[in-house]
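Inspection log for the structure reproduced underneath, given as structure tokens.
These numbers come from a predicted model, not from an experiment. Counting convention: from 1, in listed order, for ligands and their atoms alike. FYI, the numbering just counts along the sequence from 1.
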Amino acid sequence: MPSPNIDTIVSLAKRRGFVFPSSEVYGGLGSAWDYGPLGVELCNNVKQAWWRWLVYERDDIEGIDSSIILNRLVWKYSGHEDTFHDPLVDCRECKVRLRADKLALPAEAKTDVADLIRQKQVKCPNCGSSDLTEPRPFNMMFRTTLGAAADENDPTALAYLRPETAQGIFINFLNIQTALRRKIPFGIAQVGKSFRNEITPGNFILRTREFEQMEMEYFVRPDAEHFKLVDEWVENYVEWFKGLGMDPRNLRLHEVPKEELAHYSERTVDIMYRYFPERPEEERQWEELMGIAYRTDFDLRSHSSKSTDGEGTRSNPDSTEDLSYFDESTKQRFYPHVIEPAAGVNRTVLALLMDAYSEKTNDKGETRVILKLSPQLAPIKAAILPLAKNKPEIVGMAKAIKRSLQPVLRAVYDDTGGIGKLYARQDEIGTPFCITVDHQSLEDEAVTVRDRDTWEQERIKVSELAEHLLKRLKPGVPGHAGS
Ligand code: GAP
């Protein structure tokens, strides 16, 4: 069963409470989305799996949660004030705003997009007009002002919402290295919101102005094999995505060409996901899921008070710290180099939903949606369903089972329909186990556990239920998506 298109996921997400269009009662807010009861659980499970994998299971990575609003100078010296631009183009005819680097160019065009626009060879994708303005740089950082009395135009009050979580890590490098007595190589991980005033947001949660990142900065020696480390982290992440349940056929690598690298990067490999399987051209089916960059020592050096340029002039007169590292074993002082795997929570969630989506037809010829999420990521792990909701003993027993499971795993009680409907609802949201309590349960203290993917049923003693479920919920248990 091929992955569906994004529209199928948008409608499932709204119907079942994963993701809603934001501010809908006021007509919405272009490309902003709210995560509902199931969406927030799924996002949390992805973030927790990532944190466990990097911070808990490895011995060389620490965690941090830095501010979203940082001193404006961070963004000056990180290069974002000067270079975090997208090329903006306006259509004079229909007034739509476009990104020059995303415009479709005539086949085999050799000159750059600005020339082609001047020569009227580029058409507006909205209205077909070729009356477009020349590209001009548009800084994507969201601006705000700090302080109650701040005048909007007061440059001393200007601040930005962070466009990447990475800078909060760089400026804390020395704090963490010394407080935790870390030796290089080691990494610092952060998960949190980032903001970019995207010119053309869209495609559901793929490109939004407010999104969540899971970033890790891995600090290594200047003479480490940086390109090889990039390859290693690419491989680690591909394995991690596969472990979460992504189909490897929907993943591929893209070596970012030199001329498209971000200002800090010497090499970047993107892991791409097939978000648009319905598109006829293979090339246009793929979009970035995450990137792994070799950022050199660019950031630590730029934020350092002592760093100098080629002529010996101090390049950062505003910083009060030197973020260099002293290597005891070699007695050398240097600015560590950085390998950065930067992933998006929202793009990961979208890819997981697309890969998990499947349809199955039952004996009666009815087609049902089954969301084959890896059990470790499923928003609800077990649904407790009484077979007779007018029988107080059965209802009481089902509710007691729900309460007893809740400290161990996320469980819900539901008696709002016939059993067929209740199963179908849980399949559609990816609940790996449905537990039915029936008349016999009152006698033998046992319940029926139904598997989401096989629809097979097993009788399990209530006293052994929690252990049984926990064993089957563990990542790597055969028979489940993501194992
Ligand atoms: N610190 C490096 C950095 O931020 P990036 O490639 O610009 O690199 C990393 O962003 C990841 O963040 C992307 O691969 C994507 O998953 C996610 N991301 C970036 N912009 C996004 C947006 N507008 N909406 C949703 N996710 C986004």
Side-chain angles (χ1 to χ4, degrees), residues 6 19 22 30-33 35 39 43 46-47 50 64 66 68 70 74-75 78-80 83-86 99 101-102 138-142 160-171 187-218 230 233-234 237-238 240-241 244 246 251-256 260-273 275 286-296 298-300 302 338-354:
I6 290 182
V19 185
S22 184
S31 300
W33 299 89
Y35 288 76
C43 288
V46 167
K47 289 184 277 182
W50 180 78
I64 187 182
S66 70
I68 286 177
L70 303 171
V74 171
W75 307 109
S78 69
H80 284 79
T83 60
F84 199 59
H85 301 306
D86 266 349
R99 255 177 76 172
D101 56 331
K102 297 278 178 192
F138 169 76
N139 193 293
M140 288 200 291
M141 283 196 290
F142 274 104
Y160 303 103
L161 304 188
R162 67 181 177 199
E164 61 169 12
T165 60
Q167 294 304 323
I169 297 179
F170 294 125
I171 57 172
I188 304 175
Q190 165 150 246
V191 50
K193 290 257 170 135
S194 290
F195 303 81
R196 295 181 191 177
N197 204 355
E198 298 278 358
I199 299 170
T200 48
N203 290 315
F204 190 37
I205 53 174
L206 185 74
R207 179 165 287 104
T208 48
R209 296 194 171 106
E210 174 180 344
F211 54 98
E212 232 172 338
Q213 292 186 305
M214 302 180 279
E215 297 201 287
M216 198 272 287
E217 310 301 319
Y218 198 70
V230 168
W233 278 105
V234 167
Y237 267 84
V238 168
W240 185 67
F241 286 131
L244 291 186
M246 278 188 211
L251 294 172
R252 81 174 187 193
L253 307 182
H254 169 66
E255 183 82 41
V256 177
E260 288 174 24
L261 290 173
H263 62 277
Y264 49 73
S265 173
E266 212 155 274
R267 182 186 179 206
T268 298
V269 176
D270 286 340
I271 301 180
M272 314 287 280
Y273 182 81
Y275 288 106
W286 304 81
E287 183 60 72
E288 176 186 331
L289 167 61
M290 72 168 297
I292 293 102
Y294 167 40
R295 284 183 87 127
T296 70
F298 176 84
D299 301 272
L300 290 184
S302 336
V338 170
I339 313 296
E340 174 195 69
V345 174
N346 321 77
R347 288 189 190 185
T348 303
V349 163
L350 179 56
L352 288 166
L353 286 171
M354 292 183 76

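- In this structure, W240 and Y237 have perpendicular ring planes: the angle between them is above 60°, well past the 30° mark.
- Ligand 1 does not have Y273 within reach: every non-hydrogen atom of the residue lies 4.0 Å or more from it.
- Closest to atom 24 (N) of ligand 1 among all protein heavy atoms lies T208 N, 3.1 Å.
- Taking distance alone, with nitrogen or oxygen atoms compared against 3.5 Å, G344 approaches ligand 1 more closely than that limit.
- When heavy-atom distances to ligand 1 are checked against a 4.0 Å cut-off, R295 comes that close only through its side chain, counted from C-beta outward.
- Ring geometry, F204 versus W33: the interplanar angle exceeds 60°, so the pair is classed perpendicular (tilted spans 30 to 60°).
- Protein heavy atom closest to atom 18 (N) of ligand 1, with residue, atom name and distance, is F211 CE1, 3.5 Å.
- Salt bridge absent: R162 and E215 never bring a charged side-chain N and a carboxylate O closer than 4.0 Å.
- Note: no N/O pair closer than 3.5 Å links R209 and ligand 1 by distance alone.
- In terms of protein heavy-atom proximity, atom 7 (O) of ligand 1 is closest to R196 NH1, 2.8 Å.
- Scanning the protein heavy atoms around atom 1 (N) of ligand 1, the nearest turns out to be E215 OE2, 2.4 Å.
- Atoms of ligand 1 found under 4.0 Å from any heavy atom of R207, numbered from 1 in the order shown, are 23 (N), 24 (N).
- Only side-chain heavy atoms of E340 come within less than 4.0 Å of ligand 1; its backbone N, CA, C and O stay farther off.
- Ligand 1 lies less than 4.0 angstrom from a heavy atom belonging to L206.
- At the shortest separation from atom 16 (O) of ligand 1 among protein heavy atoms lies L289 O, 2.8 Å.
- To the nearest 0.5 Å, atom CE of residue M246 and atom CG of residue L352 are 4.0 Å apart.
- Counting only heavy atoms of the protein, atom 12 (O) of ligand 1 lies nearest to Q213 NE2, 3.3 Å.
- The protein atom (non-hydrogen) at minimum distance from atom 14 (O) of ligand 1 is E288 OE2, 2.5 Å.
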